[in-house]
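Computation of the quantities below employed the complete heavy-atom set of this structure, encompassing side-chain atoms and omitting hydrogens, waters and symmetry-equivalent molecules. Throughout, protein chains are lettered first and strands after them, A, B, ... in sequence-line order, and every chain is numbered starting at 1.
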There are 2 protein chains.
Amino acid sequence: MNTKDLAYFSDLTQTKNFSKVAQDFGVTQPTITMAIKRLEAEFQTKLVLRDRTHNDLGVTASGEQLAVHARAILAELDLTHQEITHLTQDQTVLGLPPIIENHYFPRVAAHLQAQGMLANLQTLEGGSVWLRQALRDGQADLALLGSTAPLSYKSLVAEAFDRQPFRIFVAADHPLAKRQRIYFSELRHEKFVLFNSSFVHNTAFNQFTRRNHFRPEVVFRANDTHVIMNLVAQNVGVTFLTAIGAQHRDDVVQLELLDDAQPEFIASIVYRDSHVLTPTQQQVLAVLRTTLGE
Amino acid sequence: MNTKDLAYFSDLTQTKNFSKVAQDFGVTQPTITMAIKRLEAEFQTKLVLRDRTHNDLGVTASGEQLAVHARAILAELDLTHQEITHLTQDQTVLGLPPIIENHYFPRVAAHLQAQGMLANLQTLEGGSVWLRQALRDGQADLALLGSTAPLSYKSLVAEAFDRQPFRIFVAADHPLAKRQRIYFSELRHEKFVLFNSSFVHNTAFNQFTRRNHFRPEVVFRANDTHVIMNLVAQNVGVTFLTAIGAQHRDDVVQLELLDDAQPEFIASIVYRDSHVLTPTQQQVLAVLRTTLGE
DNA sequence: ATTCATTATAAATTATTTTTATATCAACCG
DNA sequence: CGGTTGATATAAAAATAATTTATAATGAAT
């Protein structure tokens, strides 16, 4: 069976228009008619219902089922291409959320440098949530990710290497700046400057707000620690980060949280379980493990 | 890309012999040569190393990677066929381990009968461990499975509906038969008759033995409760089953276990998350839920 | 040195897919 | 109504792709 037919069909279930699919793939319309016929023969079932009365194309139950699998197959094929490309170019793409990149990566880079392997490494920046998907679909080969619970994801292998508590950061001239420890509930009426939703900080933050039964007022979301810290320093709001997320600065004060059973920031090395690691990638992984492991 | 090429390649990585692959698929040998060439062109990389010196065919890193994905794609395609076949024949295959079949299924069957749906149901018997795989690769659409921890498997959805403690069964004339409750450690020197390893009972049993630091003497393994019970009645050994696993009989006595934090037998309704349920399958699922749910 | 087992190559054949050209069908429109 | 439009189907021709046949090449084993 040709995977092209699956691609045609997958598109058809979405556009519900034979001619449009033909256009999308730069082929003529009868090609699509024939492709669908082939699939219907292969699976011995009607896949689409041509309802010319309402000029609307229906997908049968079998068709829906096929569409689900067709997409899975096409995604797998795509992933295969990406992986093999990285493999042949001996390139390792390491996904890094900015906080981890700032805190842990310098150490790793130094070791890789020493082994002359830095040239084979590309980094891919993004929030942990976004990177998890990037890892799945082959944009990255390895990643260092943050999470609030030990990672255990379908098709991914995760090895936790560090845990960090979350902290609150306020401007040095903020009323709370004198305190060293506070309860999250005391922040009920504060304004917040936070990471955007592709970061795990949000998961943890939401746990805190849910437990304390309040809707926080989030005045701004950014995806850069420095931007956030600058806003905090100017009292635009307070923020919620890990201790390691913030370089030291005089105009911002760090507060410990006193709440029980707090979520933690768990840092893990993550990779796909279906991915056969190259020697280079294994070396990178080994460096990550020895450098980051306790 | 044609999936046939992936099948050829997958076979080749295992047989490591072009001619053998050709035979396996009933085609001529140059067909395989060409297929591999096509894949090598598609992925722009060498996939196999023709090492004629050692008359051994090596698979490159890229080849290994492709093989992993090729198998995944072919399995997905196979699953698709199976699912669509069941779909068009409006047949639902329900996987049932024998213990669950004996205890819970009669109730379910009565309800299905009342709704005239029993004709659309086929059952597939096997241990929970084996059925889990059968469900994954499409031999079954739904299953009632036993487990010792709440089920959460990659690509499967599980809804727990009952919990049962494990018990020990001994012959009526066994020295322990007078006791009503015992500690597992008291069984250190007993002979055991058990289910074979495709049953979850083993997982639980192993937890008990590990905690009590002994290697049990297993004298026989069977996959039928009656066989096991008959052996127990004749003092061939004692067994380890759920309370519901045994019909009442005079020659066998049931003992409660006194150990702390025992594993339980958790019964769950399980199905694939990628599977689009037919109306019939949804009805069956609804009957399962109402009949089995508390 | 010859034979054997294995894979490669090239031309011919066969199968499959795509295009071109045209038909069908229902809805819409004045 | 009849004509036009948008959508899919069909059939024959053309283009592509896969497979076979026949044979060559390669290295190992005897």
Nearest-angstrom distance from the residue atom CZ of A:F9 to C1' of C:dT17
19 Å

Would you say B:K16 places a side-chain N or O within less than 4.0 Å of OP1 or OP2 belonging to C:dT6?
no

OP1, OP2 of D:dT10 versus side-chain N and O of A:K37: anything below 4.0 Å?
yes

C:dC25 P sits how many Å from A:F18 CZ, rounded?
17 Å

Between C:dT7 and B:N17, is there an OP1 or OP2 to side-chain N/O distance shorter than 4.0 Å?
yes

Return no unless some side-chain N or O of B:S19 is found under 4.0 Å from OP1 or OP2 of C:dT7.
yes

A:T33 side-chain proximity, nearest of C:dT19, D:dT8, D:dT19
D:dT8

What's the closest nucleotide to the B:Q29 side chain, out of D:dT8, C:dT7, D:dT20?
C:dT7

From CE of A:M1 over to C1' of D:dA17, roughly how many Å is that when rounded to an integer?
17 Å

Side chains of B:T33 and B:Q29: is there a donor and an acceptor less than 3.5 Å apart?
yes

Crowding at CD, A:E125 (>12 non-hydrogen neighbours, <6.0 Å):
yes

Rounded to whole Å, please give me the gap between CD1 in B:I32 and P in C:dT9.
16 Å

Roughly how far, to the nearest 0.5 Å, is CZ of B:F199 from CG of B:L131?
8.5 Å

Sugar-phosphate only, base, or nothing, as touched by B:Y8 at under 4.0 Å among non-hydrogen atoms
sugar-phosphate

Between C:dA15 and A:R38, is there an OP1 or OP2 to side-chain N/O distance shorter than 4.0 Å?
no

Whole Å only: how far is the CG atom of A:L12 from the C1' atom of D:dA9?
14 Å

Presence of A:T28 side-chain N/O under 4.0 Å of C:dT19 phosphate oxygens OP1/OP2
yes

Taken to the nearest whole Å, CE/B:M34 to P/D:dA18 is 11 Å

To the nearest angstrom, how far is B:L39 atom CG from D:dA17 atom P?
15 Å

Polar side chain donor-acceptor pair, B:S10 to B:R71, under 3.5 angstrom:
yes

Between B:P30 and A:K4, which residue's closest nucleotide on DNA chain D lies nearer the 5′ terminus?
A:K4

Round to a whole Å and report the spacing from CG of A:L49 to P of D:dA9.
12 Å

When rounded to the nearest 0.5 angstrom, what distance separates CG in B:L66 from CG in B:L6?
6.0 Å

